[in-house]
Amino acid sequence: HTVDGYTPATFYLEHHQKTSYPLLGMHSGVDCAKCHPGKGVDIDYHPQHGRCLDCHKDAHDGQLSRATSGGECGKCHTVESFTPSSY
């Protein structure tokens, strides 16, 4: 932030790259509020991000949950793009 106000924030992509979740591929173009919902002091600065399903809907509606991967998206998809898959 600046001495003139709370917004706009000065935490940019290059700062995010030094966090526990660097923004790679398609994630680098997502609006901050999409992953960090809320307003003012109620913003979620530390959302869950251990699995794709922490943020994304299961596009396969649970069909792959019994697979050996547990249905983890990264077995077939990358952060560069959801399509094409590597399956």
Sequence neighbours excluded, which residues qualify as side-chain hydrogen bond (donor to acceptor under 3.5 Å, both in side chains) partners of [X]?
X	value
D61	K57
H60	none
S65	none
H36	none

Review point. Who else is in V30's hydrophobic cluster (ILVMFWY, side-chain heavy atoms under 4.5 Å, direct or via others)?
Key: none
Check your understanding: Taking the hydrophobic residues Ile, Leu, Val, Met, Phe, Trp and Tyr, and joining any pair whose side-chain heavy atoms are under 4.5 Å apart, which ones share a cluster with L13?
Key -> Y21, L23
Review point. Are any non-hydrogen side-chain atoms of H16 and S28 less than 4.5 angstrom apart?
Key: no
Check your understanding: Would you say C52 and E72 make side-chain contact, with heavy atoms under 4.5 Å?
Key -> yes
Check your understanding: Can H56 and C73 be said to form a side chain to side chain contact (heavy atoms under 4.5 Å, CB included), step by step?
Key -> CA-CA 10 Å; H56 299 278; C73 307; 5.9 Å; no
Point to revise | Pair listing, salt bridge (Lys or Arg N to Asp or Glu O under 4.0 Å) test, anchored in residues 22-40, at least two apart | key: none
Revision key, fill the gap. Residues pairing under side-chain hydrogen bond (donor to acceptor under 3.5 Å, both in side chains) where one sits in residues 76-85, two or more places apart or in two chains, turn out to be none
Exercise for review: Apply ring pair (Phe, Tyr, Trp, His ring centres under 6.0 Å) to H15 and list each qualifying residue two or more places apart in sequence or on a separate chain.
Suggested key: F11
Point to revise | Spacing of H49 atom NE2 and C35 atom SG [to the nearest 0.5 Å] | key: 10.5 Å
**Study point:** Residues that P37 engages under side-chain contact (heavy atoms from CB on, under 4.5 Å), provided they are two or more places apart
**Key:** D44
Check your understanding: By side-chain contact (heavy atoms from CB on, under 4.5 Å), which residues pair with D54, not counting sequence neighbours?
Key -> Q48, R51
